[in-house]
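Notes follow once the structure below has been shown.
Protein chains get the first letters and strands the later ones, always in sequence-line order, with residue 1 at the start of each.
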There are 2 protein chains.
Amino acid sequence: MLTLLHHPLCPLSRFVRLILNEYGIEAQLVEERFWERREDLLLLNPAGTIPVLVADGTPAIPGTNVIAEYLEETTARDSDNRLMPATPSQRAEVRRLMNWFNDKFHHEVSGPLVTERVFKRHMTLEQGGGPPDTAALRAGRNNIRYHLAYIGWLVSTRDWLAGDRMSFADLAAAAHISAIDYLGDVPWTEDEAAKNWYARVKSRLSFRPLLADRLPGIPPVKHYADLDF
Amino acid sequence: MLTLLHHPLCPLSRFVRLILNEYGIEAQLVEERFWERREDLLLLNPAGTIPVLVADGTPAIPGTNVIAEYLEETTARDSDNRLMPATPSQRAEVRRLMNWFNDKFHHEVSGPLVTERVFKRHMTLEQGGGPPDTAALRAGRNNIRYHLAYIGWLVSTRDWLAGDRMSFADLAAAAHISAIDYLGDVPWTEDEAAKNWYARVKSRLSFRPLLADRLPGIPPVKHYADLDF
């Protein structure tokens, strides 16, 4: 049995949940308050970050991209529903966009917004808690615009973000967007093509569990779980 | 013929140069002043970052990890000198440590030190230039200590960072350390085991071209190219 240490609104964890759901892999989800830096978490992942995938009898697999590659290598390499294409050049494009969202978008948009609006509520002052930094919120809400435009541009030239099939790139992008959509921070009127792409990913069965997430004290915006938003 | 857009002291570029050298792949090195955000660079890599690997007839491969995976898939998959192990679990450990150095170490140590001491010299004020931020330098020089201790701890339990063979993990770590060693910012007296590990990587033939780098106006510290430092 697999266990995923995660947080419901952590975009990097959401990416792994989508992969698990797409591949039909069952895993127990355990919420990790990573800002508390539990000793047990640090033993599994010295970096102290989530997500971490724990499988019986093997070392823990920490880090969203590392987990994605691991699941592809252990589960889907020969199956039809693989989320990585076959050729090295196509795989490079998927990885480029995976990194775009898991690094760049996370750094510029989803990381600051989720940290300021959700994680900091639970942190003590020593852990970095306190009221949201309004400059960070403003920057995140501003930065998302050019990312939406980039998504819109990509899907105007291709069926899916990285090519003609859905891939890790789409799941990574949708995972990050879903976390800030929960908070109402996605300006959907900005880019029709990006919105239509998100509607396609959002309507997949693998997305349902994410749309059912509810954080105590922080309800989602009205349209969050609406497939016709 | 391959072309690598790089900067001699960019640690992420140095990692790719080491891989190319280990695999015996010839590539033309072209210095990229990425802070100028040349339009040609943005066309090859919309993120505007280096390194970028350009191969005739295929889309550009941007990003140090993406390039590493691409080179492994196209060059070394069946060879004896591969830098990724064979099993998914071992590969996950290599990727975890690759990310440790290319993300975490870069964020906490090598990125700030190289940016403040080298890149900012060439940048205009609009590009972010100016005198080095002493707080950033102090933080980087302080953070490296626990990374050296971590390297020392890893190689006290294994032959190489990620297991019993040299891998991408060692090359990534050594690439970052070499860039700040050029600047004299590695406190080698802190950890004997880490120093011995670095001496082993540094003495490889693949390392020679990096040790021959000289930046105009910024000479390396005396011991930089010395194999017995």
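Of the listed residues (A:N99, A:D103, A:V66, A:V94), the greatest number of heavy-atom pairs within a distance under 4.5 Å of chain B belongs to A:V66.
Heavy atoms from other residues, nucleotides or ligands lying under 6.0 Å from NE2 of A:H107 number 12 at most.
Looking at residues two or more places apart in sequence or on another chain, you find no side chain to side chain donor-acceptor pair (under 3.5 Å) involving B:T115.
Contact record, B:E73 with A:P88: OE1-CA, 3.5 Å, taken as the closest heavy-atom pair.
Using non-hydrogen atoms only and a strict 4.5 Å limit, the part of residues 44-61 of chain A facing chain B consists of A:P46, A:A47, A:T58, A:P59, A:I61.
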Candidate pair A:E69 and B:R91, rule side chain to side chain contact (heavy atoms under 4.5 Å, CB included), full reasoning: CA-CA 9 Å; A:E69 301 275 0; B:R91 294 163 75 82; over 6 Å; no
